[in-house]
Amino acid sequence: MINFLNLEYFLVAAEELNFTKAAKRLFISQQSLSSHISNMEKEFDVVLFNRTTPLTLTYAGQALQNRARQLLDLKDETYRELADIKDFSVGQLVIGVSHTRGRMILPEILPAYKHRFPNISLKLVEGNSSELDSLLLHGEIDLSIGMLPFKVENVETVPVCSEEILLAVSDSILERTFPGRLEEVKEQLSHHVDLGMLRDCPFLLIKKGNRVRNIADDMFEEAQVTPQVVLETENIETVLALALKGMGITFYPKMFVSGHEEIRNRLKVKSPLNLFSLDHPKAHGVLAIGYHKGHYMSQATREFIEIAKEKLWN
């Protein structure tokens, strides 16, 4: 009979390849860990570790390592499914989202979710899209919130709302670049953003690899413009704050503006900043929730998706 505790202990020992370190991770004695491993070797009638320094896995140990994680994942999914059946009274939901996007959209979703399902424990994991894709693939988060398409296999997605990237340009930048023509230029940009017209302006950009930066680079290339980049950063809030101060032009998601009361107030009062729609198909996208299609989808996950659609759909 398979002993799940033995499997869990074996996996830690297989990762550490050192019984002393593995025992410390498991908060048990080395003697106890050795006993668990010996019991498994007797049960399967194989040797799992070569007792060398450092330890190495035998061929049988490698085979068991591959299967053990699958068995433990199946056990976890079974327990989650049975917990759902039991009146949806307990459970946990692990949500993956970027820091900035989470700050904007989770206040719209989580209070309503927690009100309806107070017994569901919520855990938030923040990271970039590639990090979240990896966590979702390996079952370390239940769902991920991000822009389509998700660049990971075996993931189903549910669209929840549309998104648009805007061009953020301060009056001060336009006044310096086009003296005496501020209103004329703003009128032109409101009808059509021509980056060629702005080639002499300074730009503030997110570092390469970010979706917003990819869109900006595509537009610069199509317009045959080499932007005068005065600053690159990984923080999209920084570029907007500097754009508000007139340091440069930047690209910014519309969703982040509408969900940021402080920025909305500053746009109106302290520092005139214009937000122009970009005439480019890549500037329009869809925010979605992704989940691993090979894993059991808990009722907690299903309900979160429904509430997200209800609160965010536009």
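Basis for what follows: all heavy atoms, side chains included, without hydrogens, waters or symmetry-related copies. Note that the coordinates shown come from a computational prediction; the quantities given were computed from them, not determined experimentally. Along the sequence shown, residues carry numbers from 1.
- The CZ atom of Phe150 lies 7.0 Å from the CG atom of Asp133; values are rounded to the nearest 0.5 Å.
- Counting only distance, with no hydrogens or angles, the side chain of Asn50 and the backbone of Thr52 share no donor-acceptor pair below 3.5 Å.
- The minimum heavy-atom distance linking Ala288 with Thr157 is given by the pair CB-CB, 4.3 Å.
- In this structure, Lys123 does not pair ionically with Asp142, as no charged nitrogen and carboxylate oxygen lie closer than 4.0 Å.
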Discussion item. Leu122 vs Leu110, test: side-chain contact (heavy atoms from CB on, under 4.5 Å). Steps then yes/no.
Written reply: CA-CA 9 Å; Leu122 296 172; Leu110 293 187; 4.1 Å; yes
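- Heavy atoms only, all atoms of each residue included: Ala243 and Thr250 are closest at CB-CG2, 3.9 Å.
- Using modelled atom types, one finds no donor on one side chain facing an acceptor on the other under 3.5 Å when comparing Gln188 with His192.
- Between Phe256 and Tyr252, the angle of the ring planes goes over 60°, which puts this pair in the perpendicular group of the 30/60° scheme.
- The existence of a salt bridge linking Arg116 and Glu310 is confirmed by a sub-4.0 Å separation between a basic side-chain nitrogen and an acidic carboxylate oxygen.
- Looking at Arg69 and Leu11, their side chains come closer than 4.5 Å, going by heavy atoms from C-beta outward.
- In the hydrophobic clustering of ILVMFWY residues, with side-chain heavy atoms under 4.5 Å counting as a link, Phe178 and Leu195 come out together.
- Placement of Leu135 and Met147 in two distinct hydrophobic clusters is found when ILVMFWY residues are connected by side-chain heavy-atom separations under 4.5 Å, directly or transitively.
- Considering only heavy atoms from C-beta on, Leu74 stays 4.5 Å or farther from Leu72 through its side chain.
- Val160 and Leu136 fall into different hydrophobic clusters, where Ile, Leu, Val, Met, Phe, Trp and Tyr are joined by side-chain heavy atoms under 4.5 Å apart, directly or via other members.
- Arg181 and Glu175 are not joined by a salt bridge, as no carboxylate oxygen comes within less than 4.0 angstrom of a charged side-chain nitrogen.
- More than 12 heavy-atom neighbours from other residues, nucleotides or ligands sit within 6.0 angstrom of CG on Asn66.
- Closest approach of Arg213 and Lys208 over heavy atoms only: NH2-NZ, 3.4 Å.
- Judged purely by distance below 3.5 Å, without hydrogens or angles, the side chains of Asp171 and Asn274 pair a donor atom with an acceptor atom.
- Here the side chains of Leu93 and Leu143 are in contact, with some heavy-atom distance below 4.5 Å.
- Within the 4.5 Å cutoff, the side chain of Leu205 has no heavy atoms near those of the Val212 side chain.
- Looking only at atom types and distance, the side chain of His292 has no donor-acceptor partner in the side chain of Asn154 under 3.5 Å away.
- Residues Ile95 and Val125 have side chains not in contact (no heavy-atom distance under 4.5 Å, counting atoms from C-beta outward).
- A donor-acceptor distance shorter than 3.5 angstrom exists from the side chain of His138 to the backbone of Ser134, with no hydrogens or angles considered.
- Remark: Gln224 CD is loosely packed, at most 12 non-hydrogen atoms of other residues, nucleotides or ligands lying under 6.0 Å away.
- Remark: Thr238 OG1 to Glu234 CD distance equals 10.5 Å, nearest 0.5 Å.
- The nearest pair of heavy atoms linking Thr177 to Cys201 is OG1-SG, 3.4 Å.
- A salt bridge is absent between Lys151 and Glu131: the closest approach of a Lys/Arg side-chain nitrogen to an acidic carboxylate oxygen does not fall below 4.0 angstrom.
- Remark: the backbone N or O of Ala300 is paired with a side-chain donor or acceptor of Tyr113 at under 3.5 angstrom.
- The neighbour count for Lys21 NZ, taken as heavy atoms of other residues, nucleotides or ligands under 6.0 Å away, does not exceed 12.
- Counting non-hydrogen atoms of neighbouring residues, nucleotides and ligands closer than 6.0 angstrom, the CZ atom of Arg176 exceeds 12 such neighbours.
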Worksheet item: Under the side-chain contact (heavy atoms from CB on, under 4.5 Å) criterion, do Tyr9 and Met40 qualify, and how do the steps go?
Response: CA-CA 10 Å; Tyr9 286 0; Met40 292 189 72; over 6 Å; no
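- When side chains are defined from C-beta on, Leu198 does not count as touching Asp194, because their heavy atoms never get closer than 4.5 Å.
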Discussion item. With side-chain contact (heavy atoms from CB on, under 4.5 Å) as the criterion, how do Leu167 and Leu275 come out once you've worked through the C-alpha distance, each side chain's angles and the decisive distance to 0.1 Å?
Written reply: CA-CA 6 Å; Leu167 191 72; Leu275 297 172; over 6 Å; no
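- Atom OG of Ser98 is separated from atom CD1 of Ile145 by 9.0 Å, given to the nearest 0.5 angstrom.
- Counting heavy-atom neighbours within 6.0 Å of Lys186 NZ, excluding the residue itself, gives a total above 12.
- No continuous path of hydrophobic side-chain contacts links Leu148 to Ile105 [ILVMFWY only; heavy atoms under 4.5 Å].
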Item to complete: Take Phe49 and Phe10 through the ring pair (Phe, Tyr, Trp, His ring centres under 6.0 Å) test and state the conclusion after the steps.
Response: CA-CA 10 Å; Phe49 291 92; Phe10 165 76; 5.7 Å; yes
Discussion item. Assess the residue pair Glu164 and Ser277 against the criterion (side chain to side chain donor-acceptor pair (under 3.5 Å)); give the C-alpha distance rounded to whole Å, side-chain angles, the decisive distance to 0.1 Å, and a yes or no.
Written reply: CA-CA 8 Å; Glu164 180 182 3; Ser277 292; 2.9 Å; yes
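- In this structure, Phe220 has its ring center closer than 6.0 angstrom to the ring center of Phe203.
- Taken from OG in Ser144 to OH in Tyr291, the straight-line distance is 13.5 Å, to the nearest 0.5 Å.
- Within 6.0 Å of the CD atom in Glu221, the count of heavy atoms belonging to other residues, nucleotides or ligands does not exceed 12.
- Within 6.0 Å of the NZ atom in Lys75, the count of heavy atoms belonging to other residues, nucleotides or ligands exceeds 12.
- The closest side-chain heavy-atom distance from Leu204 to Phe251 is not below 4.5 Å.
- Side-chain atoms of Leu273 and Val169, non-hydrogen and from C-beta on, never get closer than 4.5 Å to each other.
- Ion pairing between Arg211 and Glu163 fails under the 4.0 Å rule for side-chain N and carboxylate O.
- A donor-acceptor contact shorter than 3.5 Å is absent between the side chain of Arg67 and the backbone of Leu64.
- Leu312 approaches Cys161 most closely through the heavy-atom pair O-CB, 3.1 Å.
- Linking ILVMFWY side-chain heavy atoms closer than 4.5 Å, directly or via other members, places Leu132 and Val158 in two distinct hydrophobic clusters.
- Judged by distance alone, the side chains of Asn128 and Ser130 do bring a donor and an acceptor atom under 3.5 Å apart.
- Atom CD in Glu183 sits 10.0 Å away from atom OG in Ser190 (nearest 0.5 Å).
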Practice prompt. For salt bridge (Lys or Arg N to Asp or Glu O under 4.0 Å), just list the numbers for Arg51 and Glu41, CA-CA rounded to whole Å, side-chain angles, deciding distance to a tenth of an Å, and then say yes or no.
Written response: CA-CA 13 Å; Arg51 267 64 170 184; Glu41 291 179 325; 2.8 Å; yes
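- A donor-acceptor contact shorter than 3.5 Å is absent between the side chain of Ser32 and the backbone of Ile28.
- Between Leu189 and Val193, the shortest heavy-atom contact is O-CG2, 3.7 Å.
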Discussion item. Set out, in order, the CA-CA distance, both residues' side-chain angles and the distance that settles side-chain contact (heavy atoms from CB on, under 4.5 Å) for Leu33 and Ile37, then state yes or no.
Written reply: CA-CA 6 Å; Leu33 175 59; Ile37 299 299; 4.3 Å; yes
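- Looking at Thr301, its side chain never comes within 3.5 Å of a backbone N or O of Met297 through a donor-acceptor pair.
- Atom CD1 in Ile206 sits 12.0 Å away from atom CD1 in Ile215 (nearest 0.5 Å).
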